[in-house]
2 protein chains.
Amino acid sequence: MNDNINKEAEIKKDGFPPTEVLYDLAELFKMFGDSTRIGILCALLNGEMCVYDLAELLGIGQSAVSHQLRLLRASGLVRARKDGKNVYYALDDDHVSSIFSQGMEHVMEGKHGDMA
Amino acid sequence: MNDNINKEAEIKKDGFPPTEVLYDLAELFKMFGDSTRIGILCALLNGEMCVYDLAELLGIGQSAVSHQLRLLRASGLVRARKDGKNVYYALDDDHVSSIFSQGMEHVMEGKHGDMA
DNA sequence: CCAACATATGAACATTTGCTCATATGTTTT
DNA sequence: AAAACATATGAGCAAATGTTCATATGTTGG
């Protein structure tokens, strides 16, 4: 069949990820690219937490947290466990921790040795 | 004075990054959270490139690339080197590579073993 | 110096995003 | 069963975002 549809793209790109992968990557990093969500992820590094406690820790509304948790779950970054009235969220991906710490290193380096 | 303004926040947060750091982290990851920018960063993993070539590789306008490169440079992720008419951009942060590959792993895992 | 080229930048515009508010769903307690 | 509590969700809205278009700036070759 016409497997030359994106041949042209693949040929010159030579090992460059296809558009679809770049799109998925961007979607993933978007999850880290909001202070509320990165706060949630960071909080969950220390173990699971329920929605209300997350809201209190981050100082924002329960609804906002819930909305963001839905996105994080859709991305496969967190999972939910229901226990009575509460729903406890936990990290569901090993990469979160390493991505987070790499980002933290970058941010921390910028804190001092900046003016060369 | 009232130095207890964010005392309450700091006390219970206990090791949780201050709001400012979370904000900076989010700003950093935002740079990875757009398919154009992640495409640029990915391209630069293989070495420096000029604006026009980036635009062609990514299949978008020169202006769009230029705008995004400005953001990437402001974030300290890329640096620019002028050579004649051209400006060559290169990665300027060791963490880009590891953040990128961690993200790629996450994306690739989602490609198959998804329906448990 | 002028034309062609490479990049940068500002303005305008459409889209996306993240919050709040109101309300729905589900659970425990009395 | 009713009240109190925890979470989820849809609508609406204001702010942020990314692209395009037009144009400015700077560079090389004739």
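So you know, we letter chains A, B, ... as the sequences are listed, proteins then strands, and number each from 1. This structure is a prediction, so every number in the text was calculated from the model and none was measured.
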* **Per-nucleotide protein contact string for nucleotides 24-30 of chain D, where B marks a base within reach and S marks sugar-phosphate only (heavy atoms under 4.0 Å, - for neither)** => --SBS--
Strictly below 4.0 Å: does [X] bring a side-chain N or O up to OP1 or OP2 of [N]?
X	N	answer
A/Arg70	D/dA8	no
A/Asn86	D/dT7	yes
B/Tyr89	C/dA8	yes

* Look at the rings of A/Phe29 and B/Phe32 and say which category their plane angle falls in: under 30° parallel, 30 to 60° tilted, over 60° perpendicular. =>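 Taking B/Phe32 first and then A/Phe29, their aromatic rings sit tilted (interplane angle of 30° to 60°).
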For [X] and [N], give me the distance from atom [atom1] to atom [atom2], rounded to whole Å.
X	N	atom1	atom2	answer
A/Phe29	C/dT17	CZ	P	17 Å
B/Ile40	C/dT7	CD1	P	12 Å
A/Leu69	D/dT7	CG	C1'	10 Å
B/Glu56	C/dC5	CD	C1'	14 Å
A/Glu48	D/dT7	CD	P	12 Å
A/Tyr52	D/dA4	OH	P	16 Å
B/Arg81	C/dT7	CZ	C1'	15 Å

* **side-chain contact (heavy atoms from CB on, under 4.5 Å) involving B/Ala80 - partner list, sequence neighbours excluded** =>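 By the side-chain contact (heavy atoms from CB on, under 4.5 Å) rule, B/Ala80 matches B/Arg73, B/Val87, B/Tyr89.
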* Quick one: list whatever passes side-chain contact (heavy atoms from CB on, under 4.5 Å) with B/Ser66, sequence neighbours left out. => B/Gln62
Holding to salt bridge (charged side-chain N to carboxylate O under 4.0 Å, His left out), I want the full list of residues that pass it with [X], two or more places apart in sequence or in another chain.
X	result
B/Asp53	none
B/Arg70	none
B/Asp24	A/Lys111

Which pairs would a plain distance check flag for residues 44-51 of chain B, meaning a side-chain donor or acceptor within less than 3.5 Å of a matching protein atom at least two apart in sequence or in another chain?
residue	atom	partner	partner atom	Å
B/Glu48	OE1	B/Arg81	NE	3.2
B/Glu48	OE2	B/Arg81	NH2	2.5

* Contact list for residues 87-101 of chain B, test salt bridge (charged side-chain N to carboxylate O under 4.0 Å, His left out), sequence neighbours left out ->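 Non-adjacent pairs meeting salt bridge (charged side-chain N to carboxylate O under 4.0 Å, His left out): B/Arg79-B/Asp92.
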* Asked: A/Arg37 side chain to B/Ala26 main-chain N or O, any donor-acceptor pair under 3.5 Å?
  ->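 No, the answer is negative, given that no donor and acceptor are paired below the 3.5 Å cut-off.
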* Which is true for B/Tyr88 with a 4.0 Å heavy-atom rule: it touches a base, it touches only sugar-phosphate, or it touches nothing? -> nothing
Review item, nucleotides 17-23 of chain D N/O atoms under 3.5 Å of protein N/O:
residue	atom	partner	partner atom	Å
D/dG18	OP1	B/Arg37	NH1	3.4
D/dG18	OP1	B/Arg37	NH2	2.9
D/dG18	OP2	B/Arg37	NH1	3.0
D/dT19	OP1	B/Thr36	OG1	2.6
D/dT19	OP2	B/Gln68	NE2	2.7
D/dT20	O4	B/His67	NE2	3.4
D/dC21	N4	B/Ser63	OG	2.7

